[in-house]
Amino acid sequence: MNYSAIETVLMTIHGIVGACVVLSGASALLSKKGSIFHRNSGKIFALAFCLMAGVILTTGLLASSLISTLGITYTALAAYLVLTSWATVRTPPATLDRFSYVAPALACSIGIMSLYWGGMAALGYAEIDDDIPVAAYFVFGGLAFLTAWGDVSVVLKGGLVGVQRLARHLWRMCFVFYLSTATLFTGPGSVVFPEDVRGSWVLMIPELSVLALSLYWLTKVLRNKYGERGLRKSEQGG
């Protein structure tokens with residue numbers, strides 16, 4: 001398949017930013033929680049994913065054939081999760097910033113967009129690639145509404161403290177990192193690997209490792225075995 005000059009540039013930028021997302025996410029997940037390296041890796045991950053969202057938006061405007069509506073939905077939801085996760089640890093405990101009041105409406109907008117595109121595809125009013133499952137639209141839409149409810153509950157509580165605050169930050173960042181890893185190794189991004197490797201169990205190792213580590217840290221936090229010292233460090237800078 002031949003690509004135009006602008007398509008080649010966008011795909012190259014996409015690949016570079018995607019690599020930054022995966023590498024910084026791995027650094028944050030594997031590093032000591034609360035350390036300077038962990039906080040800086042997390043910041044790079046958040047910034048890189050926000051940049052990725054800009055790349056996806058630009059691609060949708062200039063080269064729509066390269067990005068699907070599901071890809072736009074996924075990126076919008078993931079960027080929202082990253083921003084709310086980052087804001088959680090950037091805001092002092094038991095306080096709310098302005099973004100806290102905007103977040104539920106933003107999540108609902110993403111949910112509505114996802115359900116609309118999914119409905120159009122299911123009813124045959126919109127064409128999608130054969131390898132795109134229609135159900136994925138409804139999964140992302142449902143997740144967007146669930147997270148919107150979570151944001152509303154945070155507002156009603158006047159903010160979060162302690163373990164709940166750290167757990168919210170952790171699961172949202174880890175979930176986005178898992179999706180990013182899965183996209184690269186077993187999803188559309190797997191085209192960068194040799195054909196004889198694509199679809200093999202070898203490429204499942206990275207995403208399964210991310211899932212296992214994410215569940216490990218989340219379980220440890222929820223059981224309050226993380227330690228007050230580590231908790232305070234993480235809350236100070238995320």
Side-chain angles (χ1 to χ4, degrees), residues 14 17-18 20-22 24-25 28-29 39 41-61 67-91 95-119 132 135-157 159-160 164-184 187-189 207 210-211 214 218 234 237-238:
H14 189 140
V17 176
C20 290
V21 169
V22 173
S24 59
L29 187 61
R39 295 199 295 269
S41 297
K43 291 175 183 177
I44 294 173
F45 176 78
L47 291 173
F49 204 93
C50 289
L51 180 58
M52 174 64 77
V55 173
I56 294 297
L57 177 60
T58 303
T59 303
L61 294 174
I67 187 70
S68 65
T69 52
L70 182 63
I72 295 175
T73 299
Y74 152 71
T75 305
L77 177 60
Y80 148 79
L81 289 174
V82 167
L83 289 174
T84 51
S85 174
W86 197 9
T88 297
V89 291
R90 297 296 297 177
T91 305
T95 59
L96 299 171
D97 59 3
R98 294 180 180 179
F99 185 61
S100 300
Y101 298 97
V102 177
L106 181 61
C108 286
S109 298
I110 295 172
I112 292 171
M113 176 181 69
S114 183
L115 295 183
Y116 170 76
W117 277 337
I132 295 179
Y137 288 96
F138 299 101
V139 171
F140 284 143
L143 180 60
F145 286 117
L146 285 175
T147 51
W149 173 247
D151 291 338
V152 170
S153 66
V154 171
V155 172
L156 294 177
K157 292 177 182 177
L160 298 176
Q164 288 184 332
R165 183 166 175 262
L166 185 59
R168 171 183 164 90
H169 163 73
L170 183 63
W171 87 258
R172 293 190 179 210
M173 281 291 198
C174 286
F175 183 67
V176 173
F177 180 45
Y178 169 75
L179 290 179
S180 301
T181 306
T183 299
L184 172 60
E207 63 180 275
V210 170
L211 180 60
S214 299
L218 187 58
S234 296

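Throughout, numbering of the chain's residues begins at 1 and tracks the sequence. Computed from a prediction, not measured in an experiment: that's the story for all the values here.
- A pairwise comparison of heavy atoms in Ala103 and Thr84 identifies CB-CG2, 3.9 Å as the closest pair.
- When all heavy atoms are compared, the tightest approach of Ser180 to Phe49 is OG-CE1, 3.4 Å.
- Atoms CD1 and CG, on Ile56 and Leu61 in that order, are 11.5 Å from each other to the nearest 0.5 Å.
- Taking 4.5 Å as the limit, every side-chain heavy atom of Leu29 sits out of range of all side-chain heavy atoms of Tyr178.
- Contact check for Leu83 versus Cys50: side-chain heavy atoms found under the 4.5 Å cut-off.
- Within 6.0 Å of CZ in Phe138 there are more than 12 heavy atoms belonging to other residues, nucleotides or ligands.
- The side-chain hydrogen bond (donor to acceptor under 3.5 Å, both in side chains) analysis of residues 96-113, with sequence neighbours excluded, yields the pairs Thr91-Asp97, Asp97-Ser100.
- For Thr69, the side chain to side chain donor-acceptor pair (under 3.5 Å) partners at least two apart in sequence or on another chain are Tyr137.
- Residue Gly159 comes nearest to Leu96 through the heavy atom pair N-CD2, 3.6 Å, listed as atom of the first residue, atom of the second, then distance.
- In this structure the side chain of Thr147 never reaches within 4.5 angstrom of the side chain of Phe175, judged on heavy atoms.
- Once rounded to the nearest 0.5 Å, the distance linking OG of Ser153 with CG of Leu160 reads 7.0 Å.
- Of all the heavy atoms in Val17 and Leu51, the pair that sits closest is CG2-CD2, 3.8 Å.
- The side-chain heavy atoms of Arg172 and Trp86, taken from C-beta on, include no pair separated by under 4.5 Å.
- Here SG of Cys174 is found 10.0 Å from CG of Leu211. Values are rounded to the nearest 0.5 Å.
- Distance CG/Leu81 to CZ/Phe177: 15.0 Å, rounded to 0.5 Å.
- Atom NE2 of His14 sits about 6.5 Å away from atom CD1 of Ile67, to the nearest 0.5 Å.
- Here Leu179 contributes atom CG and Leu184 contributes atom CG; the two are 12.5 Å apart, rounded to the nearest 0.5 Å.
- Ile44 approaches Ser24 most closely through the heavy-atom pair CG2-CB, 3.7 Å.
- By the 4.5 Å heavy-atom criterion applied to side chains, Asp151 and Arg168 are counted as neighbours.
- The shortest non-hydrogen separation linking Phe140 to Ser114 is CB-OG, 3.9 Å.
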